[in-house]
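Heads up: the structure comes next, in structure tokens.
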Amino acid sequence: MKHHLQQLISTALDTLRASGALDCTAPDSIVIEHTRDKSHGDFACNVAMLLAKSAKRKPRELAELIVGALPESGKVSKVEIAGPGFINFFMSPAAFTTVVGEVLERGEAFGRSTLGNGKRVQVEFVSANPTGPLHVGHGRGAAYGATVADLLAAVGFQVHREYYVNDAGRQMDILGTSVWLRYLDLCGETIPFPVNGYKGDYVWDIAASLHRENGDAFRHPAAAVFQDISPDEPAGGDKEIHIDELIARAKELLGAASYRQVFDLGLNTILADIKQDLEEFGVAYEEWYSERTLVESGKVDEAIKRLQAAGHVYEQEGALWFRSTAFGDEKDRVVVRDNGVKTYFASDIAYHMEKLERGFERVIDVWGADHHGYVPRVKAALTAMGDDPSKLDVLLVQFAILYRGGERVQMSTRSGSFVTLRELRDEVGNDAARFFYVLRKCEQHMDFDLDLAKSQSADNPVYYIQYAHARVCSVMRQLGEKGLSYDQAAGLKHLHLLTESHEQELIQALTRYPEVVEAAALSHEPHQLAHYLRELANGLHTYYNAHQFLVDDSGLRDARLALINAVRQVIHNGLSLLGVSAPESM
RNA sequence: GCGCCCGUAGUUCAGCUGGAUAGAAUAUCGGUCUCCGACACCGAAGGUCACAGGUUCGAAUCCUGUCGGGCGCGCCA
């Protein structure tokens, strides 16, 4: 509908310019808005006010010209000029009612479009280090990223969902070493566990399975493990040095092959858990991209060479630095440490370089907001290598704060007392979790009320929307029980009988759905869809309370049932994009 | 100290990227089932859009400053 009006205005402007009646610059885009007040018609356009200056005309005068040049349209019943120069469109009722048939005919495809033209977009999200189970912070990134990806796919982009697996690097070494130390403990050694080690119960579990399958094969006396190791923090030492020395000792005592075996058990166990967790959450990926593969394929060295060749790398104090300040970063960044180890940032540069090499026209990263400081340096690296940094969109997701019984749930990664995504899903269910996570703009700090999310009451927006869907299904069941029939084709022929204001409002809401999906996708704002669905559900409940659907007049009955079935379909489609189920009864 | 995000009804949040009288939900108060599911509906009340300037036909929205909250500023990942 909006697109249709844009066409009309655009044609009118072309006509005026061609005839010389108007001399002005072309507008960047023609904005058609839904009016807030129905006395202003159904849609309004502000183009006359925007062009007034360059056309050197008064807005209202310009509006007159445009309206005079508008081509005929069967969908428009009246056009008015109002206020400072708004062009208000009143649509004919028939322009809206055709949507009912469209929804029923297209079914699950209604709302989908080819707007994206098959352009390849990569969406990378979650990408949590496989050093432990996902927690509720990752959950928001998962729900948000999955929904953004699904929305983009719905409007015609070819979407590649990807999880970057940090299976190389120091944190993973710390995990592997933690597993080994717990294993030694299970072997009967007395092990003072490092402050910087991973202390979660899952590390014990992995160590236990290592011990179960290998007996004492990896056992070394505690004395040998800790001989000449610098003291840990409680003993007055540096916890970072302490853990690094323990990692080196593990590699030395175990040898490369055994160390890798312990390391991989930890990695694979946790990664399998993460994959299962996400799958149960309705989050699927096209690819799990391994950092280790990236390193082993030589991509990291290649990226550093490219920076070097471009003259943006220098050596200082034994380390290799990338001059990111030349591209707007706050300070230069190390890519190779003085001990020869490449930094995480180095693989990140290589990873993003490689993403663009794969030919994606858009690359979207969903990051936790605590990583916002990394945006300038990654973009700087792309610029330095001669890539186009504007192809990369980094979407920052704020953390959610959980509330239970009105009290803030305390979480601390340090003490290991974080709430896992799995615990959240078990407590409130997948549907509520998916919905609540995307109910707010991603850059908004969010309060997640656990009690509300699990309450099966009107207060809970998930149940409210799902109930609207179930309610339509229930009416259709009643239809059969009462021995009445429903003829969809006849219903579509009698849509003109739907003259009640509730019916008109519902029909107009249906016409908005494709616009909402499009806007939500392009602006990466799933909350727009969530809010829309709530309004649509409200429209249905209101209608239900005001009118009887199963009336004796078969024409009217068919028309009403066609309408509510169309509403049911749109609720189903919308919830499905959000990863939420649409039950037939509750 | 510097940088990024945020500040809208008692509370949680929208506000279609600068438009017409700032909207929902929730909480509070008052109504509605002999009726397709009351897991619902209707109504009332609730605001100096943090504050102060500026930009223009027009600002919650854009620019500057102040105040308040969150996060980030490693040869960690």
Side-chain angles (χ1 to χ4, degrees), chain A residues 2 31-37 39-40 44 46 49-50 52-53 58-59 82-86 88 129 131 166 168-172 174 196 240 291 316-321 330-331 333-339 341-345 347-348 368-376 396 398-399 401 403 406 439-441 443-449 452 455-461 463-464 466-468 470-479 481-482 484 512 515-516 519 523 525 527-528 530-531 534-535 537-538 540-551 560-561 564 585-586:
Chain A
K2 276 189 182 180
V31 178
I32 304 287
E33 294 188 304
H34 288 275
T35 55
R36 219 189 317 260
D37 184 341
S39 70
H40 296 134
N46 65 354
M49 288 177 286
L50 294 179
K53 191 171 280 180
K58 289 178 183 166
F86 287 103
N88 292 337
N129 285 350
T131 53
N166 290 104
R170 183 165 170 266
Q171 290 305 316
M172 286 307 298
I174 295 177
N196 242 10
E240 305 290 352
E291 181 189 6
Q316 189 180 319
E317 290 166 15
L320 207 58
W321 297 70
E330 290 174 348
K331 53 172 81 167
R333 310 290 173 180
V334 171
V335 285
V336 183
R337 293 206 267 162
D338 59 5
N339 62 6
V341 176
K342 295 170 194 92
T343 59
Y344 169 88
F345 179 48
S347 358
D348 228 27
D370 54 336
H371 286 71
H372 67 78
Y374 299 82
V375 180
L396 300 169
Q398 294 285 348
F399 288 124
I401 300 163
Y403 284 84
L439 191 53
R440 307 299 178 212
K441 280 194 298 213
E443 67 265 31
Q444 259 302 348
H445 301 117
M446 174 177 105
D447 287 351
F448 195 125
D449 186 336
L452 178 60
S455 81
Q456 309 205 355
S457 75
D459 309 351
N460 187 339
Y463 281 88
Y464 184 83
Q466 288 180 321
Y467 178 44
R471 200 165 217 184
V472 175
C473 296
S474 171
V475 169
M476 296 310 285
R477 283 192 297 270
Q478 272 294 319
L479 177 79
E481 283 168 25
K482 290 193 171 182
L484 295 170
R512 279 178 51 218
E515 295 166 14
V516 171
S523 58
E525 292 185 346
H527 75 275
Q528 290 190 31
H531 285 270
R534 214 210 162 274
E535 284 167 31
N538 174 250
L540 183 96
H541 289 311
T542 302
Y543 181 34
Y544 179 94
N545 276 282
H547 300 283
Q548 193 79 11
F549 306 149
L550 302 180
V551 292
R560 286 184 169 171
L561 292 178
I564 64 168
S585 67
M586 308 172 56

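Chain letters run A, B, ... following the sequence lines, proteins first and then strands; every chain starts at 1. Hydrogens, waters and symmetry mates are skipped; everything else that's a heavy atom, side chains included, is used.
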Where the side chain of [X] is defined as all heavy atoms beyond and including C-beta, which of [options] is the nearest nucleotide?
X       : options                : answer
Y544(A) : C36(B), G3(B), G19(B)  : C36(B)
V475(A) : C75(B), C36(B), U26(B) : C36(B)
E330(A) : C57(B), G3(B), A14(B)  : G3(B)
N46(A)  : C71(B), U17(B), G19(B) : G19(B)

Interatomic distance at C1', U8(B) relative to A60(B), whole Å: 7 Å
field: Check: H34(A)/E515(A) side-chain N/O donor and acceptor closer than 3.5 Å
entry: yes
Has the side chain of [X] got a donor or acceptor atom sitting under 3.5 Å from an opposite partner on the base of [N]?
X       : N      : result
H372(A) : G3(B)  : yes
D370(A) : G72(B) : no
E481(A) : C36(B) : no

Phosphate OP1/OP2 of [N]: any [X] side-chain N/O under 4.0 Å:
X       : N      : value
Q398(A) : C4(B)  : no
T542(A) : C42(B) : yes
H40(A)  : G19(B) : no
K2(A)   : C16(B) : no
K331(A) : G74(B) : yes

statement: Closest to the 5' end of RNA chain B, once L550(A) and T35(A) are matched to their nearest nucleotides, is T35(A)
query: Applying a 3.5 Å limit to both distances, which nucleotide forms a Watson-Crick or G-U wobble pair with G10(B)?
result: U26(B)
